[in-house]
Every structure is written in structure tokens, then in C-alpha cells.
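Okay, so here's the structure we're looking at.
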Amino acid sequence: MKVLVTGASGFIGRALCDRLSEAGDVDLVATVRNSTDPVPLNGSIKTKELAPDTHWEDALDSVDVVVHAAARVHVMSGADSTHDYRRINVEGTLNLARQAANCGVKRFVFLSSAKVLGDNTPPGRAFNANDPPAPTDAYATSKYEAEIELAKLAERQGMEVVTIRPPLVYGPGVKANFLALLRWVHKGYPLPFAGVRNLRSLIALQNLVDLIGVCCTHPAAANETFMAADREDVSTAELVTRIGVALHKPARVLPVPPTLVLACATLAGKRDQANRLLGNLQIETRKTRELLGWAPVVSMEQQLEWTARQFLDDMQ
């Protein structure tokens with residue numbers, strides 16, 4: 001089986017290439033945005049920009065499965081933010097998918113996001129794959145629009161499309177908000193989360209790439225949408241405590257009322273970040289488990305230990 005992975009030098013793409021490289025029956029083609037981006041594999045590497053006018057035919061030659069992990073993900077400011085997200089995540093994705101279908105690719109695995117369903121869930125309620133989409137920002141909207149267009153393409157041209165919607169992904173080399181938590185705990189900063197009684201679903205990097213691997217070949221995955229998450233949900237306070245255990249640093253978690261935390265964050269222009277730390281976001285994975293027979297392959301403790309080890313190594 002020949003597999004093309006886009007975004008192969010990214011956080012998820014690198015781990016996925018490692019996972020697929022371990023399978024002896026996979027001929028791997030990796031695409032990166034810059035020729036200097038490191039990719040940890042022995043195989044074919046192509047430099048490709050995810051854009052509406054990129055030519056993919058040389059990278060798609062004899063490919064059976066495309067795993068599309070490349071995307072514009074960072075929050076941007078400016079009037080053209082929505083345009084930029086749509087140009088890359090919708091138009092760029094559809095350009096790749098159309099050429100893949102024309103080249104005879106059998107399956108297109110699309111890495112979407114749980115954010116297409118919204119940013120928060122009510123207490124005791126989890127998102128599932130059949131919930132109506134309700135994206136709240138330009139990134140999530142672009143992912144949802146790409147899902148719609150890919151489904152239309154699958155119906156027109158017969159190429160199977162599999163959509164995976166993960167929540168926050170953590171693991172060795174993680175960036176953004178999760179990296180900030182690692183830094184805060186490592187430095188011993190007091191964190192005002194002891195009073196937070198939320199529940200949030202996350203997914204370990206190793207669990208996500210394992211699920212992607214299953215979706216590349218499982219017959220029941222064709223033209224389905226799957227939610228992805230670890231076995232257990234945690235509160236922000238519990239997550240911070242577990243990060244402290246992994247770092248061998250006592251987490252300093254203070255009992256500050258969540259309403260006060262949110263008010264202070266709002267004054268500092270960080271309301272969205274605070275909502276992600278204080279609110280609920282639970283993912284229900286019954287369809288994924290029952291239809292694919294999939295279960296997470298690592299625990300949160302294992303993944304946090306590996307994440308902490310990489311974080312400490314990078315500091316040296």
C-alpha cells in the first residue's frame with residue numbers, strides 16, 4: 001500500500017510518518033511545505049505548498065491512500081483571517097482531493113477538528129459524530145466547509161473519504177496552550193484552577209496516529225466521520241496535577257473562583273483561552289470503538305511522561 005501524508009513535518013504528521021514507517025507493507029510519500037523541514041523517515045519526500053493551485057500529480061503517482069494532515073491552524077488577526085483559512089483549509093484541500101481522485105487514489109483520510117461542533121459542551125453532555133456542526137471561529141468553519149466539499153467529491157467521483165475529528169492533541173513536541181501549561185508547572189507558577197470542576201476530552205498523539213492508521217485500511221471507515229479521544233476525561237485542575245507528576249514538580253493549584261478567573265482573563269484580552277481552560281468539552285467515541293474496533297493504545301499517564309521527557313530534553 002502506498003500512502004501520501006501531507007504536513008509530514010508537523011506535530012501530527014511526523015508522528016504519523018513514524019507510525020506508518022514501522023509497518024513493513026507501507027510505501028510512504030511525505031510532503032512538506034519547506035525543503036528544509038525535517039521528516040523522520042526513509043522514503044520519498046516532496047515539497048508542496050497547500051494552496052488552490054498546487055500541482056500534486058508527481059506526489060500522487062500510484063498512491064492508494066492520502067492522509068491530509070496539513071492545515072492552517074494558528075489563530076491569526078487581521079481582516080483577511082477568514083479568507084486565509086478558507087484559501088488553505090478549504091480550497092487547498094479540495095484542490096488536492098480532486099487531483100487525488102483523478103489519479104485513482106482509493107481513500108482520502110481528512111484530519112478535521114472537534115471544533116466544528118463548537119467550543120464547549122454542557123455538563124454531562126458529550127459531542128458525537130452525529131451532532132449538528134456549530135463552528136465558532138474561522139479555523140473551525142474552514143474545517144467544516146472542507147468536510148462538506150469532500151463529501152460532495154466522494155459522491156461524484158467515488159473516492160472514499162474518512163473524516164477524523166480530534167479534540168486537543170498532546171504529546172512530545174506539543175506547542176501552543178499545552179506547551180504553556182508545561183512551562184507554567186515547570187516554573188512553579190501558581191495556577192488558579194483548583195476550583196474548576198470541568199471535564200475535557202483530549203487525545204494522546206500516539207492514540208491519534210494509531211486511529212489514523214486504522215482509518216487508512218478499515219473497510220468500515222469508508223465515507224464515515226469519527227470522533228477521537230482518550231479513554232478518560234479530566235478537569236483542568238487534574239490535568240495540571242498530572243503534568244506536575246510527569247515533570248516531577250509539585251503543581252501549585254490555587255482555589256480561585258472560576259468566575260473571577262474568567263473576569264481577569266477577559267480584562268487581559270484572554271477570554272477565549274480562559275474558556276478553553278474553564279469550560280467543558282467532552283467527546284463521545286462509541287461509533288469509533290464499535291465500528292472500527294478501535295481503542296486507545298496508550299494511557300494519559302504514559303503520554304504525559306513521554307511529553308514531559310521531551311520537554312525537559314528540549315530545555316537542556
Side-chain angles (χ1 to χ4, degrees), residues 71-77 81-82 85 89 111-148 163-170 174-181 184 191-205 207-208 225-243 253-288 296 300:
R72 190 176 191 114
V73 297
H74 298 296
V75 176
M76 298 175 295
S77 60
S81 171
T82 299
Y85 275 117
N89 293 349
L111 197 62
S112 185
S113 169
K115 283 175 64 66
V116 303
L117 300 178
D119 287 335
N120 297 103
T121 52
R125 171 77 166 86
F127 284 141
N128 66 66
N130 295 322
D131 282 333
T136 61
D137 61 25
Y139 167 73
T141 299
S142 70
K143 283 292 189 180
Y144 177 49
E145 289 178 356
E147 288 186 15
I148 294 172
T163 299
I164 303 174
R165 293 171 173 169
L168 186 150
V169 185
Y170 66 100
V174 69
K175 305 294 184 184
N177 291 335
F178 204 95
L179 178 58
L181 279 179
W184 295 340
L191 300 173
F193 301 133
V196 179
R197 298 290 184 262
N198 63 342
L199 283 174
R200 297 192 70 85
S201 298
L202 297 84
I203 187 163
L205 180 60
N207 288 335
L208 178 57
T225 296
F226 297 103
M227 307 303 291
D230 288 344
R231 292 181 185 273
E232 59 180 325
D233 299 338
V234 293
S235 68
T236 299
E238 176 67 16
L239 176 61
V240 169
T241 299
R242 293 191 187 193
I243 289 174
V253 188
L254 305 181
V256 180
T259 52
L260 179 58
V261 176
L262 183 59
C264 293
T266 302
L267 289 174
K270 303 290 185 181
R271 185 181 180 87
D272 288 344
Q273 292 91 324
N275 277 328
R276 286 192 285 271
L277 290 168
L278 302 176
N280 291 291
L281 179 62
Q282 293 184 266
I283 303 297
E284 189 255 284
T285 61
R286 181 183 304 172
K287 176 183 175 181
T288 310
M300 179 175 287

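Both backbone and side-chain heavy atoms feed into the values below; hydrogens, waters and symmetry mates do not.
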If you take all heavy atoms of [X] and [Y], which pair is closest and at what distance?
{"X": "Ala138", "Y": "Ser81", "answer": "CB-OG, 4.4 Å"}
{"X": "Pro133", "Y": "Leu117", "answer": "CA-CD2, 3.9 Å"}
{"X": "Tyr170", "Y": "Asp230", "answer": "OH-OD2, 2.6 Å"}
{"X": "Arg72", "Y": "Tyr85", "answer": "O-CE2, 3.3 Å"}
{"X": "Thr225", "Y": "Ala129", "answer": "O-CB, 3.5 Å"}
{"X": "Ser112", "Y": "Pro166", "answer": "O-CD, 3.4 Å"}

Taking [Y]'s backbone N and O only, do any of them form a donor-acceptor pair with [X]'s side chain (distance below 3.5 Å, no angle check)?
{"X": "Glu232", "Y": "Val234", "answer": "no"}
{"X": "Lys115", "Y": "Thr136", "answer": "no"}
{"X": "Thr121", "Y": "Gln282", "answer": "yes"}
{"X": "Asn280", "Y": "Leu199", "answer": "yes"}
{"X": "Thr285", "Y": "Ala229", "answer": "no"}
{"X": "Asn89", "Y": "Ala71", "answer": "no"}

Derivation and outcome, side-chain contact (heavy atoms from CB on, under 4.5 Å), residues Leu281 and Phe127
CA-CA 8 Å; Leu281 179 62; Phe127 284 141; 3.3 Å; yes
Rounded to the nearest 0.5 Å, what's the gap from [atom1] on [X] to [atom2] on [Y]? Could you check?
{"X": "Ile203", "Y": "Leu168", "atom1": "CD1", "atom2": "CG", "value": "10.5 Å"}
{"X": "Thr288", "Y": "Ile164", "atom1": "OG1", "atom2": "CD1", "value": "8.5 Å"}
{"X": "Thr236", "Y": "Leu181", "atom1": "OG1", "atom2": "CG", "value": "8.0 Å"}
{"X": "Lys143", "Y": "Ile148", "atom1": "NZ", "atom2": "CD1", "value": "14.0 Å"}
{"X": "Asn207", "Y": "Leu202", "atom1": "CG", "atom2": "CG", "value": "11.0 Å"}

Chi angles and distances behind the side-chain contact (heavy atoms from CB on, under 4.5 Å) call for Thr141, Thr82:
CA-CA 9 Å; Thr141 299; Thr82 299; over 6 Å; no
Could you walk me through whether Arg165 and Asp131 satisfy the salt bridge (charged side-chain N to carboxylate O under 4.0 Å, His left out) test, starting with their C-alpha distance in whole Å, then the side-chain angles of each, then the deciding distance to 0.1 Å, before giving a yes or no?
CA-CA 12 Å; Arg165 293 171 173 169; Asp131 282 333; over 6 Å; no
Less than 4.5 Å apart, any side-chain heavy atom of [X] and any of [Y]?
{"X": "Trp184", "Y": "Ile243", "result": "no"}
{"X": "Leu208", "Y": "Leu111", "result": "yes"}
{"X": "Val196", "Y": "Ser235", "result": "no"}

Run the numbers on Val169 and Val174 for side-chain contact (heavy atoms from CB on, under 4.5 Å), then give the verdict.
CA-CA 8 Å; Val169 185; Val174 69; over 6 Å; no
Whether the Thr163 and Glu147 side chains hold a donor-acceptor pair (N or O, under 3.5 Å, no angle test) is what I'd like checked.
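No pair is found: no donor N or O on one side chain lies under 3.5 Å from an acceptor on the other.
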